[in-house]
Amino acid sequence: MEFSSVYDPKQVEEKWYGYWEEKGLFRADENDGREPYTIVIPPPNVTGNLHMGHALNNTLQDILIRWQRMAGKSALWMPGMDHAGIATQNVVERLLKEEGKSRDDLGREKFVQRVWEWKELYGGKIKDQLRRLGCSLDWPRERFTLDEGLSRAVRRVFVTLYEEGLIYQGNRIINWCPRCETAISDIETEYNDLEGSLWHIRYPVAGTNEFITVATTRPETMLGDTAVAMNPADGRYAHLREKKVVLPLMNREIPIIEDEFVSVEFGTGLVKVTPAHDPNDFEMGLRHNLPQINVLDENGVINEHGGAYRGLDRYEAREKVVKDLEALGLLEKKEKHLHSVGHCYRCHTVIEPYLSLQWFVKIKPLADEAILAVEKGKIKFVPKNWEKTYYEWMYNIRDWCISRQLWWGHRIPAFYCGQCGRVMVSMEDPVSCDACGSGNIRQEEDVLDTWFSSGLWPFSTLGWPDETPALKKYYPTSVLVTGFDIIFFWVARMIMMGLKFMDDAPFREVYIHALVRDEQGQKMSKSRGNVIDPLIMMDKYGTDAFRFTLAIFAAQGRDIILSEKRIEGYRSFCNKIWNATRFIGTNLGGDFAPGGISADSLEHFDRWILHRLNRAISDVTAALAEYRFNEAAQNIYDFWWHEFCDWYLELTKQRLYGKGEDAAVRASADTAKRVLYLVLKKSLQLLHPFMPFITEEIWHMFSVPGEGPIIMSPWPEPDPSFDFPSDSDDAELFKDVLYRIRNIRGEMNVPPDRKARVIFKTVSKRTAAMLRREEAHIRALARAGEVVIDGAYVPDKTDASAVMPGLEIYLPLKDLIDIDKERARLGKELDRVTGDLERVEKKLASPDFTGRAPEQVVDKERVKRDELLALAAKLKESIDKLS
RNA sequence: GGGCGAUUAGCUCAGCCGGUUAGAGCGCCUGCCUCACAUGCAGGAGGUCGUUGGUUCGAGUCCAAUAUCGCCCACCA
């Protein structure tokens, strides 16, 4: 490819994903004898499109998987998709609507077939988007929650739980979405505060002229009232005991009952009771044996129990009820009322509490085990504080409504005998009733909640209920990476199901990552119109830059407010890497043969960069091991840019460009090349999990025969023979010296092409030796002319100066010196030094400090004081000289 | 009502176990198209770490209270 000075991600990204996938490099082998490392992907909805949440979630998983794969594990990242019952059914129903049809026109079988067709043709677009993101998923293992194997797992779980009495059928108040025409679970109901109204309605007391007043936010439900309730301790209404009221509009007598549930303080202290349309009323109804009158049909339209209101939509009915009451003089008042109203999490329709026959999981016994598993540390949440959220929910968990009145999903394997009404639940479809022998059998129409099948994901995808080698090897999985928004929906259910059916937690750790928000800190959502499309970002800046941005933003316990500027910044980082590579590539030359590095040949900065490389390797590895993605990414960034490029590359130029046939010059250049090559390759490897594409591209430019791709290369380890702490100290001193000289040049506006003479004044032999040794580097990097080391130098008034512990630097500037500026510069430095000095002296003057602080700390302060004292004296001297 | 989190430079954020001069990117100012890179290089300005107390020899870091913002859960006739 063209080795242009601007990195072009498009060309590079296109070729490598195909290469990896075709060569099977994402494959995990259950027979490889290696230690397993498993992640199951949170299965995206088959209808899904890659959004920021997916991008973050899957980038982090891919980082972990690529890292562990390089670290020699048998790394499996299990791909798959979720059938997403309601969401998918909605999509296909919308399409049908465009054709002027409804699902009922097609009938169940045809409709389901139609959804499958849609799924094959248009579903799973997200898979290509995950490829685009570089996700190294083991694609041939891909599963779908509705595929045959997973359906078998679902059935096995349902049957077992039913047989153990943990699944039951019951007539209960559930959350009903009149638009989706199905029950949804408690956690699928989202509550939003809405400004509604509180209507106060007068009910005549039977056989008297008295009226009582009840208040309601849903007047239409009065059609199904079967009582009015008061608190038994409420003296105001003692005279109403045993009385009845006449339910207006319906002209039905209903009793006044006494129940502790009714609050004396709220409203009038009297409550209308509608057992079929309110969970609290339902409970009261049970306690008092009240009839349950359901006045709504599944579309939210008043049914035959609603008298004259039959056929009206719930909101039309509400209006008409209120109007009619008003006409009768029974509407006392209408108040504004803020209350939270449940909405369907899929279509945002207001849900109705609705009495119906549904299937439930008796959850307590499963939850108890799941709580224990976390308490005992069998599962760890990272960050840990999510454990609290988890416990909170698990302690207060209520039975899980798992039946959905949909067609797209796992049909509940319950069969009813048309003859005797027996309910049969079994692995095989029964052909006749096992009680009465009748062949008149029909299967339950309802399907299961989507989350019922996703709850089995960590083991169903590995072949369960069969004891496959994959299941044995890769379960339990290593870590689950997900957002906090599905801890209840998914994480908790997987834990319960895993413990129940696999006898072991489904994962050892749960890493909960942030939510991605927009620049205003708002949650990104289509309805807000504030989504940043990851695909557009990848187009614009490249996948590697995009992934790196997500990783470096992924600090624990904090949401991500994504800014495009940052992505742009990391595109520059890609470019930096690219150009560093160009530099190295052109300088190694065609005849370069990588080989071992002999310790004696190393020069000072070689030892320094190798030492820093060791440090980077251990820091990045440690950060990844603790899911501190941001630190890992930051470490790589700093090492690459600010150590390798800013310093080492610059420092090798003198050696690489060195002229002459001198053997020493050639040897030095040769060593530099070997070090460049080694550091380049190791730091590419460190970067690979974050930026898979550019690293693979460059790796191949520099690979030696038989080496293989970077994705399969071994994760770097620190090399103890590269630990050179004292060289590292010298290098820091050297860098500091350069900062000082450059600072003077910059502040004094010394023209870039003017080479300044630099005089170092020091009595330290070590420092002098270092400076002498690095003279050429100082000349090059500080644009210095002559470099003088003179312990007895007497500065001139036109010298600009800088002082460091044990070292003074002078730049004779003659005509260029601006005395006022120089005085100000030194004055500022003196202020800083004296400020520090005051703090240190105050500390040292305190007997508490010297007496109680560790000796090391005190000594450090003493050394610091001496240094600061010396610096202050020198600075004063320099300033005095200027006046 | 219960719980969680945030508050650090103009903006977006790091800062693990309390101990040199609190860091980065972007933005801003100055000077540079220096033979890897102007998606760049060199230099610079900018912060009493929300507030108040406490613990400690020492607090951005630990504790308590408080303010503001955000989120989750529960209740809501």
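Numbers restart at 1 for each chain; the letters A, B, ... are given by sequence-line order, proteins then strands. Only heavy atoms go into these numbers, but all of them, side chains included; no hydrogens, no water, no symmetry mates.
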task = Measure from CD1 on A:I512 to C1' on B:rC72 and round the result to the nearest Å.
result = 13 Å

query = For atom P, what is the distance between B:rG44 and B:rU39, given to the nearest Å?
reply = 23 Å

key: Interatomic distance, A:I741 CD1 vs B:rG43 C1' [rounded to whole Å]   = 14 Å

ask   = Which sits closer to the 5' end of RNA chain B, A:T586 or A:W386, going by the nucleotide each is nearest to?
value = A:W386

query = Side-chain donor-acceptor pair under 3.5 Å between A:E258 and A:Y237, yes or no?
reply = no

request  = Would you tell me whether A:Y345 and A:E190 have side-chain atoms, one donor and one acceptor, within less than 3.5 Å of each other?
outcome  = no

ask   = Counting side-chain heavy atoms from C-beta on, which of B:rC37, B:rA36, B:rA14 comes nearest to A:N575?
value = B:rC37

ask   = Roughly, in whole Å, what's the span from CG in A:N396 to C1' in B:rC73?
value = 9 Å

query = Which nucleotide sits closest to the side chain of A:D646: B:rA36, B:rA42, B:rC57?
reply = B:rA42

task = Determine whether any donor atom in the side chain of A:K388 lies under 3.5 Å from an acceptor atom in the base of B:rC4, or the reverse, and answer yes or no.
result = no

request  = Report the nucleotide, chosen from B:rU21, B:rA42, B:rG44, that has the shortest atom-to-atom distance to any side-chain atom of A:N743.
outcome  = B:rG44

Show me the donor-acceptor pairs, under 3.5 Å and distance only, between side chains in residues 856-869 of chain A and residues at least two apart or in other chains.
none

ask   = What integer distance in Å separates A:F488:CZ from B:rC73:P?
value = 7 Å

query = Run the ring-ring contact (aromatic ring centres under 6.0 Å, His included) check on A:Y7 and A:W578 step by step: do they pass?
reply = CA-CA 6 Å; A:Y7 171 63; A:W578 186 249; 5.1 Å; yes

inquiry  = Could you tell me how far apart A:M748 (CE) and B:rG44 (P) are, to the nearest whole angstrom?
reply    = 12 Å

task = Taking only the side-chain nitrogens and oxygens of A:K864, find out if one of them lies under 4.0 Å from OP1 or OP2 of B:rG19.
result = no

A:K333 and A:T213 side chains, donor-acceptor separation under 3.5 Å = no

query = What integer number of Å spans the C1' atoms of B:rG3 and B:rG58?
reply = 34 Å

ask   = Do A:E352 and A:H277 get their side chains close enough for a donor-acceptor pair, meaning under 3.5 Å?
value = no

note = Quick note, A:W641 side chain, CB onward, closest among B:rU21, B:rG40, B:rU39 is B:rG40

message = Within the supplied structure, the quantity of interest is the number of heavy atoms (other residues, nucleotides, ligands) at a distance under 6.0 Å from A:K334 NZ; does it exceed 12?
response = no

P spacing across the pair B:rC62 / B:rG18, given as an integer number of angstrom = 8 Å

Kindly give the atom pairs (protein nitrogen or oxygen, nucleotide nitrogen or oxygen) under 3.5 Å for nucleotides 25-35 of chain B.
from	atom 1	to	atom 2	distance (Å)
B:rU34	N1	A:R783	NH2	3.4

request  = Under a 3.5 Å limit for both distances, which nucleotide forms a Watson-Crick or G-U wobble pair with B:rG23, could you say?
outcome  = B:rC13

inquiry  = Just to be sure I understand the rule, does A:E650 reach a base, reach only the sugar-phosphate, or reach nothing, if contact means heavy atoms closer than 4.0 Å?
reply    = base

request  = Please work out if A:R852 contacts a base, only the sugar-phosphate, or nothing of the nucleic acid, heavy-atom cut-off 4.0 Å.
outcome  = base

message = What is the distance, to the nearest angstrom, from the CH2 atom on A:W640 to the P atom on B:rU39?
response = 20 Å

Residue whose nearest RNA chain B nucleotide is more 5′ - A:F573 or A:S5 = A:S5

task = Between B:rA36 and B:rU20, how far apart are the P atoms? Round to whole Å, please.
result = 40 Å

Expected rows: protein N/O vs nucleotides 5-8 of chain B N/O, under 3.5 Å:
from	atom 1	to	atom 2	distance (Å)
B:rA6	O3'	A:R558	NH1	3.2
B:rU7	OP1	A:R558	NH1	3.1

query = Out of curiosity, A:F381 CZ to A:Y391 OH, how far, rounded to the nearest 0.5 Å?
reply = 8.5 Å

inquiry  = Between B:rG50 and B:rU12, how far apart are the two P atoms, rounded to whole Å?
reply    = 15 Å

inquiry  = Any base atoms under 4.0 Å from A:C645, or only sugar-phosphate, or nothing? Heavy atoms, all strands.
reply    = base

inquiry  = For the residue pair A:N579 / A:R582, report whether a side-chain donor-acceptor contact shorter than 3.5 Å exists.
reply    = yes

message = Can you tell whether the side chains of A:E260 and A:R287 come within less than 4.0 Å, N to carboxylate O?
response = no

task = Quick one: pull up OH in A:Y203 and CG in A:D225 and give me the separation to the nearest 0.5 Å.
result = 4.0 Å

inquiry  = Counting distance alone, no hydrogens or angles: does the base of B:rA14 have a donor or acceptor under 3.5 Å from a partner atom on the side chain of A:Q556?
reply    = no

